[in-house]
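All residue numbers refer to positions in the sequence shown, counting from 1. This one's a predicted model, so the numbers in the text were calculated from it and none came from an experiment.
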Amino acid sequence: MDFLINVFASMPLPWRVALIISGLGVAAICLRALESDEVRAKRTDQNKKKELRSLAQRISSYGQGVHQRYPTGDVIVSERDLAEQLRKSPEAVATALNLLLGEQKVQRAPLDGYWKLNL
């Protein structure tokens with residue numbers, strides 16, 4: 001044990017830092033590889049919810065920006081146009097709009113695939 005301590009102490013500081021960072025990286029990779037399927041599924045689900053919430057916020061911000069440019073009218077968006085604008089899939093945009101519908105931040109427009117953003 002003293003030998004390892006002496007070897008570590010004799011290393012230059014940048015090498016010691018690199019060794020510690022590498023050890024932490026290997027430990028993190030091992031933890032990720034050895035986690036259970038249940039934990040992995042839970043983490044994946046949380047990431048999807050976070051991404052969906054972020055997309056809903058971006059849609060709301062987009063609607064506010066459009067409303068500031070054209071303050072006299074309602075903001076009506078198409079799922080497909082919004083998906084292209086935000087570079088997301090139309091299914092993800094539809095899911096985020098349904099989330100905003102539950103929060104009463106959007107309404108369905110009379111035309112299929114169109115939404116009115118409540119600002």
Side-chain angles (χ1 to χ4, degrees):
M1 190 68 171
D2 288 336
F3 174 73
L4 291 175
I5 293 172
N6 289 336
V7 169
F8 188 74
S10 67
M11 288 180 161
L13 181 62
W15 284 81
R16 280 188 262 172
V17 171
L19 185 64
I20 291 171
I21 290 172
S22 299
L24 291 174
V26 168
I29 290 170
C30 288
L31 283 174
R32 186 64 69 94
L34 297 175
E35 71 185 4
S36 68
D37 290 339
E38 181 181 317
V39 171
R40 186 174 293 128
K42 186 176 181 181
R43 184 173 31 84
T44 303
D45 188 44
Q46 287 175 344
N47 287 342
K48 285 181 183 179
K49 286 180 182 179
K50 188 188 301 184
E51 185 177 323
L52 185 62
R53 171 56 45 203
S54 173
L55 180 58
Q57 181 61 36
R58 286 178 58 197
I59 290 170
S60 188
S61 297
Y62 173 78
Q64 289 173 354
V66 171
H67 185 66
Q68 286 177 351
R69 278 184 267 155
Y70 308 103
T72 58
D74 293 333
V75 178
I76 307 291
V77 295
S78 162
E79 288 176 7
R80 295 180 77 190
D81 292 341
L82 197 55
E84 288 177 14
Q85 182 74 25
L86 299 175
R87 295 184 179 102
K88 296 290 182 179
S89 70
E91 294 81 19
V93 170
T95 305
L97 285 167
N98 282 319
L99 177 69
L100 290 171
L101 180 65
E103 298 172 0
Q104 298 180 348
K105 293 184 178 182
V106 297
Q107 296 174 351
R108 291 189 188 274
L111 291 172
D112 191 36
Y114 286 83
W115 297 77
K116 176 185 177 226
L117 305 179
N118 299 331
L119 304 171

Hey, could you give me the [atom1]/[atom2] distance between [X] and [Y], rounded to the nearest 0.5 Å?
X: Ser89; Y: Glu91; atom1: OG; atom2: CD; answer: 5.0 Å
X: Leu34; Y: Ile29; atom1: CG; atom2: CD1; answer: 11.5 Å
X: Glu84; Y: Leu86; atom1: CD; atom2: CG; answer: 10.5 Å
X: Arg16; Y: Ile20; atom1: CZ; atom2: CD1; answer: 8.0 Å
X: Arg80; Y: Tyr114; atom1: CZ; atom2: OH; answer: 9.0 Å

Considering non-hydrogen atoms only, spot the tightest contact between [X] and [Y] and give its length.
X: Leu99; Y: Ala56; answer: CD2-CB, 4.1 Å
X: Ile76; Y: Ala109; answer: CG2-CB, 4.5 Å
X: Gly63; Y: Val75; answer: O-CG2, 3.8 Å

With a cut-off of 6.0 Å (strictly less than), are more than 12 heavy atoms of other residues, nucleotides or ligands near [atom1] of [X]?
X: Glu51; atom1: CD; value: no
X: Glu103; atom1: CD; value: yes
X: Asn6; atom1: CG; value: yes

- May I have the step-by-step check of side chain to side chain contact (heavy atoms under 4.5 Å, CB included) for Val66 and Arg69, ending in yes or no? CA-CA 5 Å; Val66 171; Arg69 278 184 267 155; 3.9 Å; yes
- Go through the steps to decide whether Lys50 and Ser54 satisfy the test side chain to side chain contact (heavy atoms under 4.5 Å, CB included), and finish with yes or no. CA-CA 6 Å; Lys50 188 188 301 184; Ser54 173; 5.8 Å; no
Do [X] and [Y] have side chains that approach each other closer than 4.5 Å (heavy atoms only, starting at C-beta)?
X: Lys88; Y: Leu82; value: no
X: Trp115; Y: Arg108; value: yes
X: Leu117; Y: Ile59; value: yes

- Option among Lys49, Lys42, Lys48 that satisfies the salt bridge (Lys or Arg N to Asp or Glu O under 4.0 Å) test with Asp45: Lys49
- Task: Please answer: with hydrophobic residues joined when any side-chain heavy atoms are less than 4.5 Å apart, are Val7 and Leu13 in the same cluster?
- Result: no
- Message: Please determine whether residues Trp15 and Val26 belong to a single hydrophobic cluster, defined as Ile, Leu, Val, Met, Phe, Trp and Tyr linked transitively by side-chain heavy-atom distances below 4.5 Å.
- Response: no
- Start with the C-alpha distance between Leu101 and Leu97, add both sets of side-chain angles, then the distance that settles side chain to side chain contact (heavy atoms under 4.5 Å, CB included), and finish with yes or no. CA-CA 6 Å; Leu101 180 65; Leu97 285 167; over 6 Å; no
